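No experiment lies behind these values; they were computed from the predicted model shown. Order of listing sets the numbers, starting from 1, for every ligand and every atom in it.
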Amino acid sequence: MIGGSCLCGAVRFAAERGSGIVVCHCSMCRKAAGGAFGAFFVALRDEVTWEGAEHLSVYRSSPGLERAFCKHCGTAMTGANLTEPDETIILAASALDNDGSLRVIAVEHAAAKATWSEGSEEVPHFDGPYPGWEKLRP
Ligand SMILES: [Zn+2]
Ligand SMILES: [Zn+2]
């Protein structure tokens with residue numbers, strides 16, 4: 001079982017199976033997911049159970065497409081799904097608690113990559129918090 005939840009815990013999903021994960025660098029996915037990229041996978045609607053779905057809010061990000069997020073904490077819970085849904089649903093990999101065997105299979109809109117995240121693999125990495133927070137100034 002693949003499980004996801006929002007930051008505050010009000011909304012949870014569980015999916016029996018999931019596709020590979022697609023990472024999207026477009027500005028809409030970056031903003032919706034609150035990160036350097038969005039990451040999504042596909043599940044079958046009738047294999048997904050929701051807890052606290054009444055806490056979801058929906059934003060129509062493009063004509064015919066809507067994204068669902070927790071209205072209390074803002075966590076993206078889905079990708080851009082058809083407002084007239086088919087048998088599939090796009091779920092947000094960023095909400096996963098146990099990611100099981102799901103792995104990234106493709107990166108899309110790579111040309112729209114946020115310039116601020118360029119080179120982030122080369123800077124110092126810390127297993128705990130960044131020790132420089134208190135002295136960090138512009
Ligand atoms: Zn929440
Ligand atoms: Zn996107």
Side-chain angles (χ1 to χ4, degrees):
M1 200 64 104
I2 296 156
S5 63
C6 67
L7 179 59
C8 77
V11 187
R12 295 175 186 280
F13 62 68
E16 288 174 34
R17 297 177 295 162
S19 70
I21 294 169
V22 176
V23 162
C24 183
H25 285 280
C26 88
S27 63
M28 292 172 76
C29 287
R30 285 194 268 117
K31 287 173 189 276
F37 52 80
F40 309 98
F41 66 97
V42 169
L44 297 176
R45 280 184 188 270
D46 60 11
E47 293 183 355
V48 177
T49 52
W50 289 90
E51 248 179 76
E54 68 274 19
H55 301 289
L56 286 172
S57 199
V58 162
Y59 173 64
R60 189 160 295 192
S61 55
S62 315
L65 292 176
E66 58 188 23
R67 298 169 185 260
F69 57 95
C70 173
K71 64 184 172 193
H72 305 296
C73 67
T75 302
M77 299 302 287
T78 76
N81 282 290
L82 296 168
T83 48
E84 297 192 23
D86 61 9
E87 76 280 11
T88 65
I89 182 167
I90 303 169
L91 296 171
S94 45
L96 287 173
D97 293 310
N98 58 72
D99 52 6
S101 57
L102 302 189
R103 293 292 179 273
V104 175
I105 56 162
V107 175
E108 65 177 357
H109 294 291
K113 214 173 250 191
T115 50
W116 61 259
S117 71
E118 277 172 21
S120 57
E121 283 308 307
E122 285 87 60
V123 300
H125 283 54
F126 302 89
D127 287 335
Y130 170 53
W133 271 122
E134 280 185 23
K135 291 185 174 158
L136 198 59
R137 300 289 182 276

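- For Cys29, the nearest N, O or S atom to the Zn ion (ligand 2) falls under 2.8 Å.
- How far CG of Leu96 is from CD1 of Ile21: 6.0 Å, rounded to the nearest 0.5 Å.
- Here Cys6 contributes SG and Cys8 contributes SG, and at the Zn ion (ligand 1) these two atoms make an angle of 110°, given to 10°.
- For a distance bound of 2.8 Å, the N, O or S atoms of Cys26 include one lying that close to the Zn ion (ligand 2).
- Among the atoms of His55, none of the N, O or S atoms falls under 2.8 Å from the Zn ion (ligand 1).
- Using a 4.0 Å cut-off between charged nitrogen and carboxylate oxygen, Arg60 and Glu66 count as a salt-bridge pair.
- We find that Glu47 and Arg17 are joined by a salt bridge, their nearest charged nitrogen and carboxylate oxygen being less than 4.0 Å apart.
- Put simply, the side chain of Arg12 never gets that close to the backbone of Ser5: no donor and acceptor are under 3.5 Å apart.
- By the 30° and 60° cut-offs, the orientation of the rings of Trp133 relative to Tyr130 is perpendicular.
- Within the coordination shell of the Zn ion (ligand 1), defined by N, O or S atoms under 2.8 Å, Cys70 is present.
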